[in-house]
Undergrad: 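So that we are looking at the same thing, I have put the structure below in structure tokens.
Every chain is numbered from 1, with letters handed out A, B, ... down the list of sequences. Please read all numbers here as calculations on a predicted model, not as lab measurements.
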Protein chains: 2
Amino acid sequence: MAKLGIKDIAAISGVSPATVSRTLRNPDIVSEETRKKVMKAVEEGGYTPSRFGANLRTQKSGNIIVVMPDITNQVNAGIIRAIEREAQKAGYSILLGDTQGLAEREKHYANMAQSGQADGVLLFTFHMPFNLTKNLPAAKQLPPIVNSCESIPIEGISKVMIDNTAGARTAVEHLLSLGHKRIAAVMGPRDTPSTLERLKGYYSALKEAGIEVDEQLVIRGDYGVDSGMGAMEQLLKLRRRPTAVFCFSDDMAIGAMSVLQENGFHIPQDISIMGFDDIRYARLMTPALTTIHQPLEEIGKACIELLLEQLDGKTDKPRYVELPFSLVVRQSTGPAPVD
Amino acid sequence: MAKLGIKDIAAISGVSPATVSRTLRNPDIVSEETRKKVMKAVEEGGYTPSRFGANLRTQKSGNIIVVMPDITNQVNAGIIRAIEREAQKAGYSILLGDTQGLAEREKHYANMAQSGQADGVLLFTFHMPFNLTKNLPAAKQLPPIVNSCESIPIEGISKVMIDNTAGARTAVEHLLSLGHKRIAAVMGPRDTPSTLERLKGYYSALKEAGIEVDEQLVIRGDYGVDSGMGAMEQLLKLRRRPTAVFCFSDDMAIGAMSVLQENGFHIPQDISIMGFDDIRYARLMTPALTTIHQPLEEIGKACIELLLEQLDGKTDKPRYVELPFSLVVRQSTGPAPVD
DNA sequence: CTGAAAGCGCTTACAG
DNA sequence: CTGAAAGCGCTTACAG
């Protein structure tokens, strides 16, 4: 028995294919009697409408592509889970675009909107993978897009962000309030907007406290665990060590902590460690990691919300949503040691 | 300027749509001269073929749906990253199906194959979301499927697994070799195949060592961090505490460790902790977590490999691939305390 | 409320 | 090597 199509169901129930389609998509505009006949045939035949025909006809795929640098990252994984759930509710499926940091793959995924594989794009990378012509506004040339986490420096696209600068400032102020004066910073990749923003917060908090920045205390990382370990090793070699280290991600903070503990240092008695993100494992470290909490669920929700606005044609206007971070004080930070 | 279609490109380059299609899909069967003409029009026009037409015609979506209970789990995230990369190489995209533990969503995702949204299904859940008729072999009624991680008790579908029983046995033998006699087990959800298999390994290792199982030491968890914390709290209340705890997941082990340390216990001097999975954070705990390593990359690769075999129509025969685990001894396990 | 008809944009078997 | 034609399976504007 071959797979049933809409024509088969129409024949079985004695109506036209159009009516079968209406019964399935828009039951209210069909008489009850017809509806019953059709549904009976649908159920007995086990008919599932093919998306191929519908997609071609409506020019919609029902898919949203999420372009992310690395899905194994706890922050990204948390966001994408929320995205998937919310998209699901709205009848959309999520296509996974893990770029693994490659610009070429970024471009590949972005183009899925052009071929109709996806109706909208969620961009968590910091490049703009689309070519823009100067004389047209972005909204006219682009598929529905929402940009999140790493702010792409382009006008006219919707964004969901946290205030990274304020977050970093809050982190450093927390350390200052504990009496720390030599506060190191372990950055993310130099060219990411989030790193530049957080760095700005770091500098501004120190400046406001009247502390001159020692550039030896500013170390480049890449948000990953290993770079946090490397940065800590570097800091431990300094003649004048920091009394606190602010890592721009929890992963780096966790790496830094493990290096410290391996070398017999006590956290926070000898050195305080501060993270950023509040991933699932932050509270489980010993000592539990003080960090800046990012609202992953809300970020995911907002992304879908803004994208749906565009998909539903409700608006062309880009919207900017800023979500609140929060300081979570745990045990990895404490008063500066007296020397 | 409206979006260009294949007919437009055909008109511009002075050939038929068929030839444009051939040039793009199968350049070798087109003369060089024609190819150049067509490619010129394609590039100048910025033409990207629509998948809608192609999908309908070929009855293929080019998508694979991955059905998983929770993508924020490090094990699942690691596997799906490999899956996505390998699928990409073969020209397939990955649709995310996060069931969040709900059977109804599982069914929903599985049905995406039926509607043509996906050409194949990767099942990491332990239910069989498809209805099978007795008189037909599974391969005849099902879309291409590969089952991994949780073994679905059904004949005739391809699987990618590790030997959970042997893995658990290895874990317990490691603890036995350190002189432990009171070894607790913190299980996963009771109805998952992986838990039952690991439990079997736990029992068999103890039996072989001539140790009678104390059922008070066998605690139910759900693979999550919190259940590991709860289990440890329960174990600490026992009059005769275990000297070692084997958690069926790293997440539970990490939860257990944090409870122990909060209560002033020393790991492994007072109690040894053993995990399962070897997630990214296992080596970063203090002390670093001893665990059973799962080859996530290889699991992902094998899943796509077996699925492609079916998608390419190379075979109907289900294949079973077993991948090797390995014991990773770190600092969270040590000699049993002498009392 | 329902049907007939057109058409979405491709690919491919067939004929030359 | 290339073209004309059919058709994949739906949806929807139009007419009644």
Undergrad: Can you tell me, in whole Å, how much space there is between the P of D:dA5 and that of D:dC1?
TA: 23 Å
Undergrad: Would you say a side-chain N or O of B:S21 is under 4.0 Å from OP1 or OP2 of C:dT11?
TA: yes
Undergrad: Quick one: which of D:dT11, D:dA4, C:dC10 gets closest to the side chain of A:P17?
TA: D:dT11
Undergrad: CD of B:E32 versus C1' of D:dT2: gap in Å, rounded?
TA: 17 Å
Undergrad: State whether the distance check finds a donor on one side and an acceptor on the other, under 3.5 Å, for side chain B:R57 versus base D:dG9.
TA: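 Absent.
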Undergrad: Which one, D:dT11, C:dT11, C:dA4, comes nearest to the side chain of B:A54?
TA: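 Ranking D:dT11, C:dT11, C:dA4 by closest atom to the B:A54 side chain puts C:dT11 first.
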Undergrad: Consider only side-chain N and O atoms of B:E150 and B:H127, and report whether a donor and an acceptor are under 3.5 Å apart.
TA: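 No pair is found: no donor N or O on one side chain lies under 3.5 Å from an acceptor on the other.
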Undergrad: Determine the interatomic distance between C1' on D:dT12 and the same-named atom on D:dG16; round to the nearest Å.
TA: 16 Å
Undergrad: Tell me which nucleotide among D:dT12, C:dT2, C:dT11 gets nearest to the side chain of B:R25.
TA: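 Out of D:dT12, C:dT2, C:dT11, the nucleotide with an atom closest to B:R25's side chain is C:dT11.
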Undergrad: Given atom CG of B:L56 and atom P of C:dT12, what is their separation to the nearest angstrom?
TA: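 Nearest whole value for this atom pair: 12 Å.
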Undergrad: D:dG9 phosphate, OP1 or OP2: any side-chain N/O from A:R51 under 4.0 angstrom?
TA: no
Undergrad: Would you say that more than 12 heavy atoms from the other residues, nucleotides or ligands in this model lie under 6.0 Å from the NZ of B:K317, or not?
TA: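 Not buried by this count: 12 neighbours or fewer within 6.0 Å.
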Undergrad: Does a nitrogen or oxygen in the side chain of B:S31 sit under 4.0 Å from OP1 or OP2 of D:dT2?
TA: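 True: B:S31 side-chain N/O within range (under 4.0 Å) of D:dT2 OP1/OP2.
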Undergrad: Could you check which of C:dT2, C:dT11, D:dT11 has an atom nearest any side-chain atom of B:T58?
TA: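 Closest nucleotide to the B:T58 side chain: C:dT11.
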Undergrad: Side chain of A:T34 only, heavy atoms from C-beta on: which candidate in D:dT12, D:dG3, C:dC1 is closest?
TA: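 So the nucleotide nearest the side chain must be C:dC1.
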Undergrad: So if I take every side-chain heavy atom of A:Q59 and compare against D:dC10, C:dG9, C:dA13, which nucleotide ends up nearest?
TA: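 Of the options given, the side chain of A:Q59 lies nearest C:dG9.
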